[in-house]
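Per chain, numbering begins at 1; letters A, B, ... match sequence-line order. None of these values were measured; they are calculated from a predicted model.
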Amino acid sequence: MSSDSLDQFFAISQRLRDCLKIAGRAVNAVNVRMLQGTEFLGQPRDQAARWVEETRKAVDDLSVVAFWALLERQLIEYTQERMALLNAADPVEFAQPLREKVEAEIEGWRPSEILDLFKALVDPNQIGIAKQIKGYRYWVAHRNPRRPPSAQAEPTAVYRVLFAILDELGRIGAPAS
Amino acid sequence: MVTLTEDIYGSYEVPLLQICTAEDRQVALLHPVGISVIAAEGRVDLIGNRDRQPIVYLATGGPQISVTERSGDSARRIVHPLFKDVTVAGWYWLEDVRLGRARKLDQVLFKELLKGVADLYEL
């Protein structure tokens with residue numbers, strides 16, 4: 001279990017936010033040298049500032065989507081690795097088809113069902129927060145105005161929660177083969 | 001009239017120009033956008049039912065970029081225009097901001113833009 005990909009994407013998302021800070025400063029200072037060759041030229045200053053802010057919000061939302069995807073992948077792979085334990089289980093005629101069925105179908109499981117499997121391994125409160133993050137991730141992807149997200153999700157807080165889950169699973173270690 | 005609100009100037013009213021056919025059918029609007037515009041002195045948009053085009057007011061020479069070129073102990077300041085061919089003050093169409101292209105608005109160009117935004121290819 002590795003949080004490396006989460007760390008890498010977190011660093012990228014922070015750098016993206018920094019780039020937008022620089023863009024915001026260039027807009028506020030009306031620094032045409034820095035803004036040359038961009039669509040900011042000819043834009044009303046208020047509109048240009050809104051663009052930067054809207055883009056920052058979009059980067060934040062897309063970061064949450066990406067963090068969630070990385071966690072989901074890690075949890076699926078963790079579960080699939082544990083299925084290898086069934087290779088040594090009796091009766092093998094039952095264990096092997098069970099392993100194959102789980103490995104084949106886990107990609108279609110509901111994320112909340114996968115998360116529930118980990119309640120016994122990591123702090124259930126973290127799992128609860130992860131479910132709220134999942135809710136926000138779905139809202140970002142589908143934008144259903146009739147079903148607003150139950151909680152907002154700030155990328156750094158999301159990263160910390162998901163990192164803590166992966167870190168805890170990493171401490172438990174790989175299955176004995 | 002249309003009410004514009006800009007952080008620097010607050011809210012103010014400014015005329016809006018409707019462009020209509022001889023049969024009084026509106027084909028486009030010249031809609032003021034603002035005075036506080038990056039790299040320009042003001043902007044109006046030509047808006048039709050198909051598209052919109054930005055038209056900005058540029059001072060003579062347009063906005064300039066100053067770059068200091070250093071070679072050893074000497075430094076040379078180079079100034080170059082942000083948009084090419086802005087020789088006189090006036091209204092310009094921002095043809096391609098990424099390539100720094102602005103074209104002086106004249107009757108021929110305005111008709112071309114109007115055709116494009118309003119889909120009036122019989123004009």
Determine whether more than 12 heavy atoms belonging to other residues, nucleotides or ligands lie under 6.0 Å from atom [atom1] of [X].
X: F94(A); atom1: CZ; value: no
X: R77(B); atom1: CZ; value: no
X: K104(B); atom1: NZ; value: yes
X: E107(A); atom1: CD; value: yes
X: K21(A); atom1: NZ; value: no

Could you tell me if the side chain of [Y] sits less than 4.5 Å from the side chain of [X], heavy atoms only?
X: R33(A); Y: V67(B); result: yes
X: R45(A); Y: D7(B); result: no
X: F83(B); Y: L41(A); result: yes
X: H80(B); Y: Q36(A); result: yes
X: R43(B); Y: Q43(A); result: yes

Single-linkage hydrophobic cluster [X]~[Y], side-chain heavy atoms < 4.5 angstrom:
X: V97(B); Y: L105(B); result: no
X: I76(A); Y: M83(A); result: yes
X: L29(B); Y: L109(B); result: no

Q. Contact part of I35(B) toward chain A, heavy-atom cut-off under 4.5 Å: side chain, backbone, both or neither?
A. neither

Q | Contact origin within L82(B) toward chain A - heavy atom pairs under 4.5 Å | A |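 For L82(B), the side chain is the part near chain A, not the backbone.
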
Q) Given a strict heavy-atom distance threshold of 4.5 Å, which part of L35(A) is in contact with chain B: side chain, backbone, both, or neither? A)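 For L35(A), the contact with chain B is made by the side chain alone.
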
Q) Can you tell me how far CG of D46(A) sits from OG1 of T5(B), rounded to the nearest 0.5 angstrom? A)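 Answer for the OG1-CG pair, T5(B) versus D46(A), is 9.0 Å.
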
Q) Which one, A40(B), S36(B), G34(B), S66(B), leads in non-hydrogen pairs under 4.5 Å with chain A? A)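 Heavy-atom pair counts peak at S36(B).
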
(Q) Testing the basics here: between I38(B) and A48(A), what is the closest heavy-atom pair and its distance to 0.1 Å? (A) CD1-CB, 3.5 Å

Q.
Testing the basics here: between V30(A) and A39(B), what is the closest heavy-atom pair and its distance to 0.1 Å?
A. CG1-N, 4.4 Å

